[in-house]
There are 2 protein chains.
Amino acid sequence: MLSKKCKYAIHALIYLTERYEQGPVHIQEIADKQRIPKKFLEAILLELRNANVLHSKKGKGGGYYLYKNPEEVTLLEIIRLMDGAIAMLPCVSLNYYEPCEECKNETTCGIRDSFIGVRDETLRILTESTLAKIVKREKILSKA
Amino acid sequence: MLSKKCKYAIHALIYLTERYEQGPVHIQEIADKQRIPKKFLEAILLELRNANVLHSKKGKGGGYYLYKNPEEVTLLEIIRLMDGAIAMLPCVSLNYYEPCEECKNETTCGIRDSFIGVRDETLRILTESTLAKIVKREKILSKA
DNA sequence: TAATAAGTCTACAAAGTTAGTATACTAATC
DNA sequence: GATTAGTATACTAACTTTGTAGACTTATTA
């Protein structure tokens, strides 16, 4: 399951995608509209900023705005930033690899193959899911 | 990520698969061989027993044994029993559905589709992964 | 250039989950 | 009826997640 933090991040980014290239958006506005505790949201946006997904502007009229192109920001990237590994086992994680404590011998482990399969399919789908596509989909769905 | 509990369960079940139809195996033996804290293992095996995956025999010469056919016990079943939902969002879970708090309107939510895709692929792979296949794979790998 | 708006940073606290332990009880076998 | 081994309940410790508080920095604009 995704953490709340991660879900908040996705919703905040969708909100900012809808205002892409329309200047900075004040944290308080995002917090209010998306019902996210402001202080918690601050920490989230800061991480996204440090990862160069967002940029910010200080002072009056400041706020956060999407820096990357929404067609290039994927759910994969967001989830990895917020929640870490995608894989269900540390020993099959590409970005957060660690040997399994429980496993005696990784090369003869019969479990790994299944989880490598799950990982690859998950990566494939989450890589295809960009902010641009999500927002587009929401527009279509809300018209129907 | 799978919990330790779930990984312990998988390893214990693989161990019991290797002794399928060879009579009950004492908890202590499983705990020793798989390096699982005995008391923790007890709770795990009990859950698997209540789900009819295992049966137990009390008294001297007692222990746990695989009740279901190892070709019918899937990773999907084990993970659901130990860790619960497979899906990354509660609102796309088949067995543990709950509406997303963060979501204003499920029918117009552009995020769900991606996670439905992830869920379906994950279910497919985990359903194919039976204890019998895993043990067979381990034998092949350890000979190579 | 001072007032103010708004992001940054550090530290903390409460709540929830996971992992593991202790103890007493029950049932089956020899 | 002594012993072996599973059953059940309750507890504890550690860790993670979620959320809060407050002081600080930077940029704008009057």
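Throughout, a chain's letter reflects where its sequence line sits, starting with A, and its residues are numbered from 1.
Nearest heavy atoms, E47(A) versus K5(A): OE2-NZ, 2.7 Å.
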*Which letter, B, S or -, goes with each nucleotide of nucleotides 8-24 of chain C from 5' to 3', with contact meaning a protein heavy atom under 4.0 Å?*
BB---------SSB-B-
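Geometrically, R119(A) does not engage F115(A) in a cation-pi contact, judged by NZ or CZ lying under 6.0 Å from the ring centre and within 45° of the ring axis.
Put simply, NZ on K57(A) is 11 Å from C1' on dT29(D), counting in whole angstrom units. Taking atom NE2 of H26(A) as the reference point, atom P of dT28(D) lies 15 Å away to the nearest angstrom. Straight-line distance from the NE2 atom of H55(A) to the P atom of dG7(C): 15 Å, rounded to whole Å. E29(A) has its CD atom 15 Å from the C1' atom of dA5(C), to the nearest Å. Note: CZ (R35(A)) to P (dT18(D)) measures 17 Å, nearest angstrom.
Shown here is Y65(A), whose OH atom has more than 12 heavy atoms of other residues, nucleotides or ligands within 6.0 Å. Other residues, nucleotides and ligands contribute over 12 non-hydrogen atoms within 6.0 Å of the CD atom of Q28(A). Around OH of Y20(A), the count of heavy atoms belonging to other residues, nucleotides or ligands within 6.0 Å exceeds 12.
The side-chain contact (heavy atoms from CB on, under 4.5 Å) test with D120(A) is passed by exactly one of I116(A), T122(A), V118(A): I116(A). Partner of V53(B) under the side-chain contact (heavy atoms from CB on, under 4.5 Å) criterion, chosen from L131(B), L16(B), L13(B): L13(B).
A salt bridge does not link E77(A) with R80(A): every distance from a Lys NZ or Arg NE/NH1/NH2 to an Asp or Glu carboxylate oxygen is 4.0 Å or more. Contact check on E101(A) versus R35(B) returns no salt bridge, with no Lys/Arg side-chain nitrogen under 4.0 Å from an Asp/Glu carboxylate oxygen. Under 4.0 Å is where a charged nitrogen must lie from a carboxylate oxygen, and between E18(B) and K33(B) no such pair does.
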*asked:* Is there a side-chain contact (heavy atoms from CB on, under 4.5 Å) between T17(B) and V73(B)? Walk through the geometry before answering.
replied: CA-CA 10 Å; T17(B) 298; V73(B) 183; over 6 Å; no
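Near-neighbour residues of DNA chain C inside residues 87-101 of chain B, defined by a heavy atom below 4.0 Å, are absent.
The bend of the helix from dT1(C)-dA30(D) to dC30(C)-dG1(D), defined by the angle between the axes of its first five and last five pairs, stands at 10° to the nearest 10°.
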